[in-house]
Number of protein chains: 2
Amino acid sequence: MPKLVDHDAKKIEIAKATWKVIVREGLDNATVRNIARETGMSVGSLRHYFPSQSDLLQFSMELVSERVATRIREKNMMTAESPVMAIQDAISELLPLDEERRVEAEVWFVFSAKALVDARLKQLSDQVYNDMRQGFEWAIQSLRKLGLAREDLRADLEVYRLHALVDGMAVHHLLHPDKLTYRQMVDTLSYHLRSLCK
Amino acid sequence: MPKLVDHDAKKIEIAKATWKVIVREGLDNATVRNIARETGMSVGSLRHYFPSQSDLLQFSMELVSERVATRIREKNMMTAESPVMAIQDAISELLPLDEERRVEAEVWFVFSAKALVDARLKQLSDQVYNDMRQGFEWAIQSLRKLGLAREDLRADLEVYRLHALVDGMAVHHLLHPDKLTYRQMVDTLSYHLRSLCK
DNA sequence: TTTATTTTAGCACACTTGTATTATCAAAGA
DNA sequence: TCTTTGATAATACAAGTGTGCTAAAATAAA
């Protein structure tokens, strides 16, 4: 019988190395050779887990969305001081607040740019966008149902607005970290949510 | 004497062809050869105007920011019905409202992703970001000085918020044009600006 | 120890890339 | 008309790419 290796764990390890290379050298330099060197494996070994570079990139991108989704799903909403704080905490998970999240956000950003001309990535990009919007719809609806929201609030536009605000801030922080700090992001988000309430 | 060619005009022509290739095939495929084919020139001719690919890309990115800046600068604010409408019109210039602007926005988006790992592009990216923020600061200040703004408005956070909202919507529209249409963008922007006023 | 199977390592191939070199062309002044 | 000089074109080249293939190594049950 052969060696026992956790296939999935290895693939995740390789995907994380891929992120590292992308953040450090850009998507252009995320070559199989560079990624193999980053993991310490040979190119052949890498190919054993991912038949092609395309598969590797696809998997690496899927892993980002999975991890973000998991993090939000596992967040305990009940511990928050108030419903608004619970919503704010959940949304904060989408912002690059620490190094780990920063890497994921940056990788996602780079992938999104590529999704513009890559049909396969586009599909995933669309799906994640829909999931995110659903989340924001849920957030706005919650505020209304709890009677916290202002009466004159336009639910549909508020969803677009909140969604764009979050992604916009994330992008700004990635590209210009000292021009929009993490604290400023959180303050702005908090400020925005409060502005939706009576 | 040789043939007389308007150097600058030719460079702009090449840069526009570069945009075309980037939008159609992605930045990866914006190779010297592909761009040369797009313009109908030979690779050698292209090199006559741009010594290196890096110079070409740099110039192409600068051209985007120049054109956006010019468009805003030349916009006549006095024709608007109201100050708020004037601000809204100016900001709308930043949104991908027609094909031309869409191309520019998409190119800028792709370049921004590359600026994360390219120091030279990063410099331009920073400068444009600062210019934009100044513009948004001006917009918020205008609302206050005209006495239109709500009293409890936090100017600093409003700037971050408006800036992130605009860029966020632009990105969403680029990536998912039918999930956030041009009309929805404009409506949301208008809604947002009104929410800042008494 | 033997053996079946998975994993790894390395090489080769065809291809594309940016860039350099060289030659050709076209037009204006002597 | 001939030379000069900017513009264009064609070709060459070295470096780097993804990927297919083959042989060796490693491992755990028999």
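The chains referred to below are lettered A, B, ... by the order of the sequence lines, with proteins before strands, and numbering in each begins at 1. Every heavy atom of this structure was used, including side-chain atoms; hydrogens, water molecules and symmetry mates were not.
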Name every donor-acceptor pair, under 3.5 Å, that has one atom in a side chain of residues 143-153 of chain A and the other anywhere in the protein, sequence neighbours excluded.
| from | atom 1 | to | atom 2 | distance (Å) |
| --- | --- | --- | --- | --- |
| R144(A) | NH2 | L153(A) | O | 3.4 |
| E151(A) | OE2 | K198(A) | NZ | 3.1 |

What pairs with [X] under side chain to side chain contact (heavy atoms under 4.5 Å, CB included), at least two apart in sequence or on another chain?
X: T31(B); result: R33(B), N34(B)
X: L56(A); result: I14(A), T18(A), I35(A), L46(A), F50(A), S60(A)
X: R47(A); result: none

Under 4.0 Å between a side-chain N or O of [X] and OP1 or OP2 of [N]?
X: Y49(B); N: dA7(D); value: no
X: H48(A); N: dT8(C); value: no
X: S42(A); N: dG10(C); value: no
X: K10(A); N: dT6(C); value: no

Can you list, by residue number, the residues of [range] that have a non-hydrogen atom closer than 4.0 angstrom to DNA chain C?
range: residues 106-121 of chain B; answer: none
range: residues 50-62 of chain B; answer: S52(B), Q53(B)
range: residues 18-37 of chain B; answer: T31(B), V32(B), R33(B)

Short question: side chain of E38(A), backbone of K16(A) - any donor-acceptor pair under 3.5 Å?
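Looks like no, no N/O pair under 3.5 Å.
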
Taken in chain and number order and not counting sequence neighbours, the residues that satisfy side-chain hydrogen bond (donor to acceptor under 3.5 Å, both in side chains) with K179(A) are N130(B)

Sequence neighbours excluded, which residues qualify as side-chain hydrogen bond (donor to acceptor under 3.5 Å, both in side chains) partners of R120(B)?
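Only S54(B), D55(B) meet the side-chain hydrogen bond (donor to acceptor under 3.5 Å, both in side chains) criterion with R120(B).
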
Identify the two heavy atoms, one from L63(A) and one from A15(A), that lie closest to each other, and give their separation to 0.1 Å.
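Minimum heavy-atom separation between L63(A) and A15(A): CD2-CB, 3.7 Å.
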
By ring-ring contact (aromatic ring centres under 6.0 Å, His included) - contacts of Y182(A) (at least two apart):
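For Y182(A), no residue satisfies ring-ring contact (aromatic ring centres under 6.0 Å, His included) once neighbours in sequence are set aside.
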
Between P of dT8(D) and NZ of K11(B), the distance in whole Å
14 Å

Atom CG of L46(A) to atom C1' of dC21(D): distance rounded to whole Å?
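Distance check: L46(A) CG to dC21(D) C1' gives 17 Å.
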
Which atoms of nucleotides 21-23 of chain C (N or O only) lie under 3.5 Å from a protein N or O atom, and what are those distances?
none

Are more than 12 heavy atoms, taken from residues, nucleotides or ligands other than K20(A), located less than 6.0 Å from that residue's NZ atom?
no

So how far is it from I140(A) CD1 to H163(A) NE2, rounded to the nearest 0.5 Å?
12.0 Å

Side-chain donor/acceptor pairs under 3.5 Å, residues 185-193 of chain A, sequence neighbours excluded:
| from | atom 1 | to | atom 2 | distance (Å) |
| --- | --- | --- | --- | --- |
| T188(A) | OG1 | Q184(A) | O | 2.6 |
| S190(A) | OG | R194(A) | NH2 | 3.3 |
| Y191(A) | OH | R154(B) | N | 3.0 |
| Y191(A) | OH | E158(B) | OE2 | 2.5 |
| H192(A) | ND1 | R161(B) | NH1 | 2.7 |

Judged by modelled atom types alone, do Q58(B) and E62(B) share a side-chain donor-acceptor pair under 3.5 Å?
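Indeed, the side chains of Q58(B) and E62(B) share at least one donor-acceptor pair under 3.5 Å.
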
